[in-house]
Amino acid sequence: MLIAITRGVSAGVAACELTHLERQAIDLARAQAQHRAYEAALARLGCRVESLPALDDLPDSVFVEDVAIVLDEIAVVTRPGAESRRPETAAIAPVLANYRRVTFIQAPGALDGGDVLRIGRRIFAGRSGRSDEQGIEQLRAVVWPYGYTVTDVPVRGCLHLKSAVTEVAPGVVLVNPEWIEAAAFGHVSVMEIDPDEPYAANGLLVSGRLIYPASFPRTRVRLEAAGLSVEPVDVSELQKAEGAVTCCSLVFSA
Ligand code: CIR
């Protein structure tokens with residue numbers, strides 16, 4: 001059984017962290033409707049969606065991916081690189097404790113879940129503006145007893161590793177080659193985004209289908225031409241907060 005943990009859009013989302021985008025007005029009601037449609041897509045793909053209540057004083061708390069990494073064996077609660085996001089972790093730890101033994105990244109290490117890409121037993125961790133060597137080293141120490149390798153990958157030009165690369169089918173990664181060296185991922189097939197859609201490398205693979213932003217039609221054509229089954233979702237309001245589709249859930253089996 002697949003579980004997808006989500007959290008409602010904060011009424012304070014207008015005050016979200018922004019790194020690469022100019023601040024634009026976010027229509028809260030529209031963002032909430034899009035988020036509900038995203039949850040519905042997860043449910044259609046077979047997830048039991050555990051939708052947590054919005055935290056109105058934590059603007060970025062809808063982006064639950066960043067506060068934890070859930071493996072089959074253990075959950076790691078992160079220590080987000082952005083100070084404003086650190087209080088989000090206290091709200092996720094007790095939820096994950098229902099499913100996994102929970103460990104924590106400790107200060108002064110910093111790690112965002114958006115920087116962590118798992119492909120089988122290989123974990124790639126982005127050294128980004130949010131995640132540092134100490135955070136990645138702590139992750140490595142926690143997961144190696146379970147047989148995972150952790151490779152750190154430099155990220156340039158974007159917020160997180162998973163802004164630049166995600167796994168879109170088993171053994172297939174979708175990359176923005178401007179932001180990441182695909183060679184870092186070893187023996188995988190590599191697809192590139194359409195160069196007119198720089199933010200298009202983030203898709204969420206669930207039960208063999210790809211939850212994917214409706215705003216990247218050119219890259220979608222490439223994905224479908226390669227035989228991938230795409231489930232489009234409109235996340236335009238959350239994109240204004242530098243969010244994408246992986247960042248709005250934690251998906252794992254229970
Ligand atoms: C932030 O800057 O932390 C949020 N505004 C966006 C986080 C998006 N997270 C993700 O892609 N994993």
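In each ligand, atom 1 is the first atom listed, and ligand 1 is the first ligand listed.
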Exercise. From Leu139 CG over to Ile123 CD1, what is the distance, rounded to the nearest 0.5 angstrom?
Worked result: 5.5 Å
Exercise. About how many Å separate CD of Gln106 and CG of Leu111, when rounded to the nearest 0.5 Å?
Worked result: 12.5 Å
Problem set entry | Contact residues of ligand 1, where a non-hydrogen atom lies under 4.0 Å away | Glu17, Asp60, Phe63, Glu65, Asp66, Arg85, Gly114, Arg130, Leu159, His160, Ala241, Glu242, Cys247
For this session: Starting from the C-alpha separation in whole Å, work towards a yes-or-no answer on side-chain contact (heavy atoms from CB on, under 4.5 Å) for Asp152 and Arg127.
Result: CA-CA 6 Å; Asp152 57 320; Arg127 244 181 300 113; 2.8 Å; yes
Seminar exercise, completed: Per side-chain contact (heavy atoms from CB on, under 4.5 Å), Leu204 is matched among Leu45, Leu42, Val168 by Leu42
Problem set entry | Option passing side-chain contact (heavy atoms from CB on, under 4.5 Å) with Cys16 (candidates Leu21, Leu58, Asp60, Val62) | Asp60
Run the side-chain donor-acceptor check on residues 179-194: report pairs under 3.5 Å with partners two or more places apart or on a different chain.
from	atom 1	to	atom 2	distance (Å)
Asp194	OD1	Asp196	N	2.8

